[in-house]
Novice: 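I'd like to ask some things about the structure below.
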Protein chains: 2
Amino acid sequence: MVMAMVASHPDPLAGFPAGFLDGFTSREVAKGQLLATPGQALNQVFIVRSGRLRVYLASDARELSLAILEPGDIFTTHTPTFVRGLEPASLWVIGIREFAAKLAGAPGVAPLMMKVLGRILDNAVSLVEDLAFRDVPARLARFLVRQAARRGEQGPEGCLLPLDLGTEDIACLLGTTRQSVSSLINQWQREDLLSRRGRRALLIHDLPALAARSLAPG
Amino acid sequence: MVMAMVASHPDPLAGFPAGFLDGFTSREVAKGQLLATPGQALNQVFIVRSGRLRVYLASDARELSLAILEPGDIFTTHTPTFVRGLEPASLWVIGIREFAAKLAGAPGVAPLMMKVLGRILDNAVSLVEDLAFRDVPARLARFLVRQAARRGEQGPEGCLLPLDLGTEDIACLLGTTRQSVSSLINQWQREDLLSRRGRRALLIHDLPALAARSLAPG
DNA sequence: ACGCTTCCGTCGGCCAGCCGACACTCCTGC
DNA sequence: GCAGGAGTGTCGGCTGGCCGACGGAAGCGT
């Protein structure tokens, strides 16, 4: 699930025409620094050059992460979300009007934007689907399966998953609580579906079984 | 809440340059007809000319409406959602590739697309926010307040709201059940916040009080 | 080593809201 | 009229999962 409103490329700049970055300014973001908040409509578009950022919603008592932005991801501050540096990061930034002008000027980029748009929609819809239809076990299972497909490395004992996220962070991505995630992981560990490998990595032992649990209950 | 992934204009074609519709084909949709489903990636963009369409997600046991499309709204079949005619409707349709080409050719349209994109994101995020942070009373209250701002007509007794939706339909928009909506409305009726006016309309008597209940609990 | 801090595991209580069931009211066509 | 169907109101039981609490384990600075 999740990973959300973001277009992700293995190579940070694949797909952009040479010189497309002209007119962007560079910007550094410190760890924990708040880059955007709802309300303040900055109207900027940015592309992540290095580091990771967290996009999230917040109510008085809770936070829900929409996405972890990684190098190559493109996003805009023109959404009612918080964006915060998860670690030191650097960005290319441009005003949204100038960005639109660039799009008009570079014909090849419009289709690319459509792709980005499509992916953003897919991810948003996927998030809504999770929150509305799936219970917590299914959400967690789906998250792990997707991460395995994305970042997992196949080994003799199973698929090694470097999450780089704590229990709390995962809960936040799934719209649930630390406790629920914790107890589920340990339950599955007892069932030999997976096992912890150090502090922030998992070894998936039975991927198909996990996939089965990622389906909506019923 | 909701109303969702859609850009809505009071005037169906405001903002589009003259001749922009060249290349679109016309299409009729019957009441109840399924226009798009997840899986089948039709890759079309369409604009609603007349009638209403429902955009929704479905699991085995439940449905969740993302939006009711109305004349002037623009949408794409390239999302994992169902789109179904709510009443007889007619559309302008074009392939997504051709649409992208038009964007590249008509420089003035790209900024318009950015606006549309922004609105789509806002609405999607708003939906997620509701599902994650607000309880059912808050969701319903917010829905009614927004509808009042959108379609309500001020009268001597309060604000008259022609919903054109049954209890079940509203529940579907809010991601809850018929029963919950029903009991809430009647509870509020007892508190004199509102009253039923015929089968599918409400008279809002105390809009501020409703607005107060639309905030996240806590 | 040691404290200190941060993170993780587990338990029990509690409650919003889903579900099934059923009666009632309203429209509609014969 | 008067069936029949669709939509509506209401109740009680049941449960997923949030919350608070607390103890244990792992990292880290000195």
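Proteins get letters first, then strands, A, B, ... in listed order; numbering begins at 1 in each. Note that the coordinates shown come from a computational prediction; the quantities given were computed from them, not determined experimentally.
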Novice: If you define the side chain from C-beta out and look only at heavy atoms, does anything of B/V181 sit under 4.5 Å from B/F143?
Specialist: no
Novice: Can you tell me how far P of D/dT8 sits from CD of B/E168, to the nearest Å?
Specialist: 9 Å
Novice: With a 4.0 Å cut-off, would you call A/R150 and A/E70 a salt bridge?
Specialist: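 Yes, charged N to carboxylate O under 4.0 Å.
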Novice: Any chance you could lay out the salt bridge (Lys or Arg N to Asp or Glu O under 4.0 Å) test for B/E87 and B/R52, step after step, and finish with the verdict?
Specialist: CA-CA 6 Å; B/E87 52 195 60; B/R52 297 192 302 166; 3.2 Å; yes
Novice: Restricting to nitrogen or oxygen on both sides, can you table the protein-nucleotides 12-17 of chain D pairs closer than 3.5 Å?
Specialist:
unit_1, atom_1, unit_2, atom_2, d
D/dG17, OP1, A/V136, N, 3.0

Novice: Nearest whole angstrom, please: distance from the P of D/dG9 to the CD of B/Q187.
Specialist: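 It is 13 Å, rounded to the nearest whole Å.
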Novice: Can you tell me how far C1' of D/dT8 sits from CD1 of B/I185, to the nearest Å?
Specialist: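 It works out to 11 Å between those atoms.
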Novice: Describe the nucleic acid contact of A/T167 in one word from base, sugar-phosphate, nothing, applying a heavy-atom distance below 4.0 Å.
Specialist: sugar-phosphate
Novice: Measure from NZ or CZ of A/R54 to the centre of the six-membered ring of A/Y56 and say whether it is under 6.0 Å with the direction within 45° of the ring axis.
Specialist: yes
Novice: Would you mind reporting whether B/E157 and B/H205 have side-chain heavy atoms less than 4.5 Å apart?
Specialist: yes
Novice: Which two nucleotides bound the region of DNA chain C that has atoms under 4.0 Å from heavy atoms of chain B, read 5' to 3'?
Specialist: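 Counting from the 5' end, contacts occupy C/dG17 to C/dC26.
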Novice: What I'd like to find out is whether the side chain of B/D73 reaches to under 4.5 Å of the side chain of B/I68, using heavy atoms alone.
Specialist: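 Counting from C-beta outward, B/D73 and B/I68 never come under 4.5 Å.
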Novice: With the threshold set at under 4.0 Å for non-hydrogen atoms, list the residues of residues 188-204 of chain A touching DNA chain D in residue-number order.
Specialist: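 The answer is A/R199.
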Novice: If you count every heavy atom of other residues, nucleotides or ligands that lies below 6.0 Å from A/E153 atom CD, does the total exceed 12?
Specialist: no
